Amino acid sequence: MALRLTSRVCFRQFLAAQRRTLSMYYTESHEWVKVDGETCRIGITDHAQAALGDVVFVDLPEMDSEIDAGDELATVESVKAVGDVGCPVGGIVQAVNEILLDKPGVVNSSPEDEGWIAELQLTDSSGLDDMMDKAAYDTFIADGA
């Protein structure tokens with residue numbers, strides 16, 4: 001019986017770890033975070049890009065800069081407005097999407113895939129605990145967020 005209980009505990013721990021691998025999380029301020037092990041990509045949601053309109057410029061973060069959870073990660077400028085992109089997790093910028101320098105409209109055409117803004121080495125993932133999965137985010141949007 002003890003062996004079976006230990007196996008179940010290990011399996012639950014494995015499942016919890018899997019949820020953090022290649023998982024997509026969403027904030028109430030319409031950023032997304034895609035976690036892959038100890039790194040993550042961050043961008044804005046389809047809802048956010050639609051509200052902004054045609055994106056004409058993206059101010060990307062500096063490579064190797066350390067960003068704290070809650071800090072500004074980037075700025076997205078559209079024909080209608082300028083929006084700050086918050087960073088819901090802490091990390092060190094490992095990559096930026098340089099395609100956006102020449103083609104900022106990729107944020108509009110593929111906001112949750114090719115339109116990613118930055119990739120971070122996670123140093124503080126605690127912000128993920130307060131974020132939504134896709135189903136919860138879709139409900140949040142449907143409720144008029």
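Everything numeric here is computed off the predicted structure, so don't read it as measured data.
Side-chain atoms of Asp124 and Asp68, non-hydrogen and from C-beta on, never get closer than 4.5 Å to each other. With contacts defined as side-chain heavy-atom distances shorter than 4.5 Å, the pair Ser125/Val35 does not qualify. Counting heavy atoms from C-beta outward, Glu62 and Val93 have side chains that stay 4.5 Å or more apart. Taking 4.5 Å as the limit, some side-chain heavy atom of Ile44 sits within range of a side-chain heavy atom of Leu52. Considering only heavy atoms from C-beta on, His30 stays 4.5 Å or farther from Gln49 through its side chain. A heavy-atom distance below 4.5 Å is found between the side chains of Leu120 and Cys87.
No donor-acceptor pair closer than 3.5 Å links the side chain of Asp54 to the backbone N or O of Val79. Counting only distance, with no hydrogens or angles, the side chain of Trp116 and the backbone of Ile42 share no donor-acceptor pair below 3.5 Å. A donor-acceptor pair under 3.5 Å is formed between the side chain of Asn97 and the backbone N or O of Glu114. For Asp113 (side chain) and Ser110 (main-chain N/O), no donor-acceptor pair under 3.5 Å exists by modelled atom type. Side-chain atoms of Ser78 never come within 3.5 Å of backbone atoms of Val55 as a donor-acceptor pair (strictly under, hydrogens ignored). Side-chain atoms of Asn108 come within 3.5 Å of backbone N or O of Gly53 as a donor-acceptor pair.
By the criterion of side-chain heavy atoms lying less than 4.5 angstrom apart, applied directly or through intervening Ile, Leu, Val, Met, Phe, Trp or Tyr residues, Val82 is not grouped with Val56; the two fall into different hydrophobic clusters. Val89 and Ile92 end up in different hydrophobic clusters when Ile, Leu, Val, Met, Phe, Trp and Tyr side chains are linked at under 4.5 Å. When hydrophobic clusters are built by joining Ile, Leu, Val, Met, Phe, Trp and Tyr residues whose side-chain heavy atoms come closer than 4.5 Å, directly or via intermediates, Ile99 is grouped together with Val96. There is a path of hydrophobic side-chain contacts, each under 4.5 Å, that joins Leu101 to Met63.
Around atom CD of Glu38, no more than 12 heavy atoms belonging to other residues, nucleotides or ligands sit under 6.0 Å away.
Residues Pro104 and Phe57 come closest through the heavy atom pair CB-N, 3.8 Å. Of all heavy-atom pairs spanning Gly37 and Leu122, the tightest one is O-CD1, 4.2 Å. Nearest heavy-atom pair, Val107 versus Gly115, reported as atom, atom and distance to 0.1 Å: CG2-O, 3.9 Å.
Atom-to-atom distance recorded for Gln94:CD and Ser65:OG is 10.0 Å, nearest 0.5 angstrom. Note that CE of Met132 and CD1 of Ile141 are 7.0 Å apart. Values are rounded to the nearest 0.5 Å.
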Legend entry - Verdict with supporting geometry, Glu112 and Lys34, side chain to side chain contact (heavy atoms under 4.5 Å, CB included): CA-CA 9 Å; Glu112 296 182 26; Lys34 183 176 185 180; over 6 Å; no

Legend entry - Working for side chain to side chain contact (heavy atoms under 4.5 Å, CB included), residues Tyr25 and Glu31: CA-CA 8 Å; Tyr25 298 87; Glu31 291 95 10; over 6 Å; no

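Using a 3.5 Å distance cut-off with no hydrogens or angles, the side chains of Tyr26 and Thr45 do not pair a donor with an acceptor. Glu77 and Thr75 share no donor-acceptor pair across their side chains, judged by distance under 3.5 Å alone.
With sequence neighbours excluded, the residues forming a salt bridge (Lys or Arg N to Asp or Glu O under 4.0 Å) with Asp138 are Lys134, listed by chain and number.
Partner of Leu73 under the side chain to side chain contact (heavy atoms under 4.5 Å, CB included) criterion, chosen from Asp84, Asp59, Ile67: Ile67.
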